[in-house]
Amino acid sequence: MRCDEFRASLAPETEPGPDALAHLRSCEACLNHAISVDPDLMFRGLGGEIDPPEGVDAFVAGVMQDVRFRGTEKLVDARRRFAPAQRWAIAAAATIAVVSGTLFWPGADRGLGPQVPVASIASAPATTSFSVSTRPVVENYSSSTATIIEVPSEETSDLKVVMIFDESLPADL
């Protein structure tokens, strides 16, 4: 087919014949002209059939079969990938259970080595003094950027714990 025959046979919303499609794929000038007339012809110019040879339903069934196959393949691969980690976790838990059961079983201390005498703690003499560093006590504090939490929140005669969260305060306060 020649270019002038192709352009004469090209009409909007008509299906070009196989020889026209072959010419469309081989001639760039006719491809550009055909695209300006009907943009759908650009995809036909790439080659191949628009409809699958077995039909649309068979094509969709094949694609869905591939999707299910790939999903099953990923599931099986994930099971293989995590199975060794689970086996190691089970082995570690069993080992810990056996070792801790052996150590804490009544009478398990026999044969573990020489007995070490246990030290007893005596009361310290009254003359010893300890140096305690005191922190400043905050009686009142108000800030628009601070978060102040008091536990317990109701007024009681018991001890009250106050937590102040403010970025502008020093870290050791």
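Along the sequence shown, the residues carry numbers beginning at 1. Keep in mind that what you see is a predicted model, and the values were worked out from it rather than measured.
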Practice prompt. Could you state whether W88 and I96 fall into the same hydrophobic cluster, counting links through intermediate Ile, Leu, Val, Met, Phe, Trp or Tyr residues with side-chain heavy atoms under 4.5 angstrom apart?
Written response: no
Response to the item:
Here the pair of heavy atoms bringing A29 nearest to R7 is O-NH2, 3.5 Å
Worksheet entry | Note, C3 side chain near H33 side chain (heavy atom, < 4.5 Å) | no
Worksheet item: If you round to the nearest 0.5 Å, how far is CG of L75 from CD of E73?
Response: 11.0 Å
Worksheet, complete the sentence: When every non-hydrogen atom of A20 is compared with those of F6, the smallest separation belongs to O-CE1, 3.5 Å
Worksheet item: Shortest non-hydrogen contact from L24 to L31?
Response: CD1-CA, 3.5 Å
